[in-house]
*Asks:* 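First the structure, which I've put down as structure tokens, then a few questions once you've had a look.
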2 protein chains.
Amino acid sequence: MSRALPRPVSRIVLAALITLSGSLAYEAMAQAQGPSRAEQLIKYRQALYTVLGGNFGPIAAMASGKAPFDPGQAALRAERVHFVARMLNEGFPAESVKGAPTRAKADIWANRAEFDRLLEELQQKTAELERTARTGDEAAIKRAVGATGQACKNCHDKFREEEKR
Amino acid sequence: MSRALPRPVSRIVLAALITLSGSLAYEAMAQAQGPSRAEQLIKYRQALYTVLGGNFGPIAAMASGKAPFDPGQAALRAERVHFVARMLNEGFPAESVKGAPTRAKADIWANRAEFDRLLEELQQKTAELERTARTGDEAAIKRAVGATGQACKNCHDKFREEEKR
């Protein structure tokens, strides 16, 4: 009878089981009785912004003179800022309008084309920031940081609540 | 008298001010009376893992057959997993041992060489995952996902609490 069972368990299946038991992704599944899908999506979105801000911070500090200019650090931070900025498109699925405290206004989903336009502008600025940071040209980097910060602000002014709801 | 003041305000300074007013980094500074430095560092670390897991999840789901195999998605997710895995070194500064709920065991800092070794192993596996995913070879990708998941697990078993403290 046991021969009717799907066996032997292949190395691939074993590897997948190990993967699932070890992965952080699995953690989210194991907490299925915990956070809702909306909560998970909102947590993911907020994590993207935390990582983005955590890397924009140091290059903005250099640009404003609060930290000494370090071309290697500037290039590293700019690369990360652009990489994460390009992940933001996935941060706003329809299911994430509500379900956890969020500063993302419902206007984002009501006026998605405008939101997407501002996000694309941000990504153009972060692409330029990354390109510029690779050159090590301090004055140009400062301008690109300013343009990126302005692109952040343009979207926040329209689509971000001042306080968490 | 006013001529003794540092003026005119340069375009660079203006750009920096715009940057700071608009940036997410500034938000963290504005909340200086809010979260402590340790809380901010722990939040940043947890955000890295959230982003990592949010991208490993879809490729692990493909590898385990829970989602249909999509070579483009696999390559995208693998690139992100490797990119974020390389950011983890910055996730564990000494000031982040405690100060907010965290599953990171104090053993990480007491036994940093071992932790760093396991992190480097993870990064070797995610580098291989990224390389493999570019080829579109489904069987090889599944193996690389398994190896990455095992590297996650090796570190979690030693250095991650089962429950948040």
Side-chain angles (χ1 to χ4, degrees), chain A residues 11-29 40-41 43-66 79-80 83-84 86-87 90 138-139 142-157, chain B residues 11-29 40-41 43-66 79-80 83-84 86-87 90 138-139 142-157:
Chain A
R11 285 181 60 194
I12 288 169
V13 170
L14 272 180
L17 287 172
I18 289 168
T19 299
L20 288 171
S21 69
S23 77
L24 287 155
Y26 184 66
E27 184 186 343
M29 284 184 267
Q40 289 179 37
L41 292 169
K43 181 183 174 188
Y44 180 74
R45 171 168 74 229
Q46 291 171 343
L48 290 176
Y49 280 98
T50 297
V51 175
L52 187 63
N55 285 280
F56 190 58
I59 193 170
M62 287 182 225
S64 66
K66 286 183 186 286
E79 181 192 8
R80 290 177 175 176
F83 193 94
V84 178
R86 286 182 295 142
M87 298 170 71
E90 280 181 20
E138 185 174 354
K142 285 181 178 178
R143 286 193 294 273
V145 165
T148 300
Q150 183 62 54
C152 294
K153 185 175 187 307
N154 290 345
C155 195
H156 295 169
D157 286 350
Chain B
R11 283 181 60 193
I12 288 170
V13 170
L14 272 180
L17 287 172
I18 289 167
T19 299
L20 288 171
S21 69
S23 76
L24 289 155
Y26 184 63
E27 185 185 342
M29 284 184 267
Q40 289 179 36
L41 293 169
K43 182 183 175 188
Y44 180 74
R45 170 167 75 228
Q46 291 171 344
L48 290 176
Y49 281 99
T50 297
V51 175
L52 187 63
N55 285 281
F56 190 59
I59 193 172
M62 287 181 225
S64 66
K66 286 183 185 287
E79 181 192 7
R80 290 177 176 177
F83 193 94
V84 178
R86 286 183 295 142
M87 297 170 70
E90 279 181 20
E138 186 175 354
K142 286 181 177 177
R143 285 192 295 273
V145 165
T148 299
Q150 184 62 55
C152 293
K153 185 174 187 306
N154 290 346
C155 195
H156 294 170
D157 285 352

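Below, each value reflects all heavy atoms present in this structure, side chains not excepted, and no hydrogens, waters or symmetry copies. Per chain, numbering begins at 1; letters A, B, ... match sequence-line order.
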*Asks:* Show the nearest heavy-atom pair for residues A:Arg86 and B:Arg80, with the distance to one decimal.
*Replies:*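 The answer is O-NH2, 4.3 Å.
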*Asks:* So among B:Leu52, B:Leu48, B:Thr50, which one has a side-chain contact (heavy atoms from CB on, under 4.5 Å) with A:Val51?
*Replies:*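 Option passing the side-chain contact (heavy atoms from CB on, under 4.5 Å) with A:Val51: B:Leu48.
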*Asks:* Could you look at B:Glu79 and say if it's the side chain, the backbone, both or neither that has a heavy atom under 4.5 Å from chain A?
*Replies:*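 Both the backbone and the side chain of B:Glu79 come within 4.5 Å of chain A.
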